[in-house]
> 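Below is the structure I would like to discuss, written out as structure tokens.
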Amino acid sequence: MTNGVVPHFEDHGLIESVDSRVLPISNKADSEIQISLVIPTYDEAANIEQLLRSLHTVLSGTGTGFELIVVDDNSPDGTSLIAGEIAAELAGIRVLRRTGATGLATAVICGWAHAQGEILGVIDGDGQHPPEVITDLLAAMDDQTDVAVASRHLGEGGVSNWSAARRLLSRGAQALGLLLLPGTVGQVTDPMSGYFVVRRDVVTHTHLDPVGYKILLEVLARGEVRRVAERPYVFLERQRGQSKVGIGHYVGYFRHLMRLRLYPLRSRALIRYLVVTGLALVADALVFFWIFDSQGWNLTRSAAIAGEGGILLTVLLHDLWTFAGRAARSALDRIRRLVGVQLALGVLLLLRLAVINALVNWLGLGPLTAFLVALAAVTPVSHLLGSRLTWRGVRS
Ligand code: GDD
Ligand code: MN
């Protein structure tokens, strides 16, 4: 801020030094404190005082025990020292100075790992998130609700005066998220929100992988979330200091999405998944050769029966082997899955039959060649896609 000159503030011994390790979020320790709100900061010397004062006033008004935890990455502008000054004056403020690490997501997790409250939250340290909205978020946390998110895309919510290009980029990123992670991103209108609260149980003993900037995605994808509530807010313009979001964050966001996309299928399940897909393909081909070649059935009918055999084998093996031992194994659940996979793959099977016929009739390929080409082109996609869609809700 001040041309590299760090203003002198006294460190009242209130600043806790923490290192860069990512600690797990444990069970609740202190019964006095209900809410722990983390404020990640990097070079927010010009904003932190006003924010802390406003939040302190707003939260004091609710009558619930709270703590405000500033997690500062040893900002060169002396943010932590200013926060330390306020902490000496107002009760319920903690300042963690983290050395050896930077990154918004890790800072938030670091704050939560040191927090005492039953409800954990996060708010930006630059004043862009209106402090009074925290009361709406807390009020939304009823017995059934695990997460409450402040949203720019709901009711009265919005952004102050963003350019069309910035709005488009933000919406584009959201659309990409919806495409890659419909189950997670589709739960909220503002998946990019950096202003939300979450019940502690949701994230204890969950391995939060702090790769991205978007900690909310991590919570929604990996936590055991029942209901999500949203409350509108207007994302204010930054009055002082600079945003740390650059093009690198968009790349990071994409990587984050991909990682979460692969997550439920990691390790053993993924290998079994691929084995089943491979087996189904082989079975499909063998059945086809047998009925078409030795039994002399017609092409379309043979391909249809073989394809259907592959579908049933996939369903059976996934249910009994790939995803065995997971929750929701009721008979109804199995039937629902069977119908779902049948529908998804049935449509693609029709596509395959059309491809085979087109190859034979229009390109003059031999029936066996046509079958193999169609098998290679359509079937792996259909098996992966169809099963992926239908086992989506199954978690490890
Ligand atoms: N400790 C720490 N370490 N804090 C950081 C770091 C870091 O490496 N990088 C950024 N912060 C802090 C900033 O000081 C600020 O308080 C907050 O994180 C948000 O950073 P900004 O750089 O102001 O981000 P933004 O305004 O572009 O975007 C924010 O709002 C979006 C809309 O709600 C972020 O919160 C986004 O995650 C959010 O989606
Ligand atoms: Mn900001």
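For ligands, and for the atoms within them, numbers begin at 1 and follow the listed sequence.
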> Short N/O distance, under 3.5 Å, between Gly103 and ligand 1?
yes

> Give me the nearest non-hydrogen protein atom to atom 39 (O) of ligand 1 as residue plus atom name, then the distance to 0.1 Å.
Met192 O, 2.2 Å

> Counting only nitrogen or oxygen atoms and a 3.5 angstrom limit, does Asp72 reach ligand 1?
no

> Pro40 versus ligand 1: do any nitrogen or oxygen atoms come within less than 3.5 Å of each other?
yes

> Could you tell me, atom by atom, which parts of ligand 1 come under 4.0 Å of a heavy atom of Lys214?
36 (C), 37 (O), 38 (C), 39 (O)

> If hydrophobic residues (ILVMFWY) are linked whenever their side-chain heavy atoms come closer than 4.5 Å, directly or via other members, who joins Ile305 in its cluster?
Val287, Trp290, Ile291, Trp297

> Name the orientation class of the two ring planes belonging to His129 and Phe235 (parallel below 30°, tilted from 30 to 60°, perpendicular beyond 60°).
tilted

> Are the side chain of Thr41 and the backbone of Glu44 linked by a donor-acceptor contact shorter than 3.5 Å?
no

> Any nitrogen or oxygen of Arg166, main chain or side chain, under 3.5 Å from a nitrogen or oxygen of ligand 1?
no

> For ligand 1, which atoms sit closer than 4.0 Å to a heavy atom of Val71?
1 (N)

> Counting only nitrogen or oxygen atoms and a 3.5 angstrom limit, does Thr102 reach ligand 1?
no

> Using a 3.5 Å cut-off on N or O atoms only, is Tyr195 in polar contact with ligand 1?
no

> Any chance CD of Glu156 has more than 12 other-residue heavy atoms, nucleotides or ligands included, within less than 6.0 Å?
no

> Grab the two heavy atoms, one from Val198 and one from Met141, that are nearest each other, plus how far apart they are.
C-CE, 4.1 Å

> Taking only heavy atoms of Thr41 into account, list the atoms of ligand 1 that are under 4.0 Å away from them.
1 (N), 2 (C), 4 (N), 14 (O)

> Of the protein's non-hydrogen atoms, which lies at the shortest distance from atom 13 (C) of ligand 1, and what is that distance?
Glu44 OE2, 3.3 Å

> Return the name of the atom in Asp126, of element N, O or S, nearest to the Mn ion (ligand 2).
OD2

> Looking only at atom types and distance, does a side-chain atom of Asp126 sit under 3.5 Å from a main-chain N or O of Arg238, one as donor and one as acceptor?
no

> Between CZ of Arg152 and OG of Ser160, what distance do you get to the nearest 0.5 Å?
10.5 Å

> Testing Lys214, Glu218, His249 for side-chain hydrogen bond (donor to acceptor under 3.5 Å, both in side chains) with His256, which one passes?
Glu218

> Distance to 0.1 Å, residue and atom name: give those for the protein heavy atom nearest to atom 16 (O) of ligand 1.
Gly125 N, 2.7 Å

> Has Arg255 got more than 12 heavy atoms of other residues, nucleotides or ligands less than 6.0 Å from its CZ?
no

> Among all protein non-hydrogen atoms, which one is nearest to atom 29 (C) of ligand 1, and what is the separation to 0.1 Å?
Asp124 OD2, 3.0 Å

> Examine all N, O or S atoms of Gln128, backbone included, and report whether one is under 2.8 Å from the Mn ion (ligand 2).
yes

> Any nitrogen or oxygen of Arg152, side chain or backbone, less than 3.5 Å from one on ligand 1?
no

> Can you tell me how far CZ of Phe66 sits from CD1 of Ile134, rounded to the nearest 0.5 angstrom?
11.0 Å

> If you measure from each non-hydrogen atom of Tyr233 to ligand 1, which part falls under 4.0 Å: side chain, backbone, both or neither?
side chain

> Using atom types as modelled, flag every donor-acceptor pair under 3.5 Å from a side chain in residues 364-372 to any protein atom, sequence neighbours excluded.
none

> Students should be able to answer this: which protein heavy-atom is nearest to atom 3 (N) of ligand 1, and at what distance?
Asp73 OD2, 2.6 Å

> Pick whichever of Val159, Leu96, Asp43, Leu104 has a heavy atom sitting closest to atom 18 (O) of ligand 1.
Leu104

> Is the side chain of Thr314 donor-acceptor paired with the backbone N or O of Gly310 at a distance under 3.5 Å, no angle test?
yes

> Side chain of Tyr253, backbone of Ala173: donor and acceptor closer than 3.5 Å?
yes

> Run the numbers for me: atoms of ligand 1, each under 4.0 Å from some heavy atom of Asp126, listed by number.
16 (O), 23 (O), 26 (O)

> Ignoring angles and geometry beyond distance, decide whether Arg98 reaches within less than 3.5 Å of ligand 1 through its nitrogen or oxygen atoms.
no

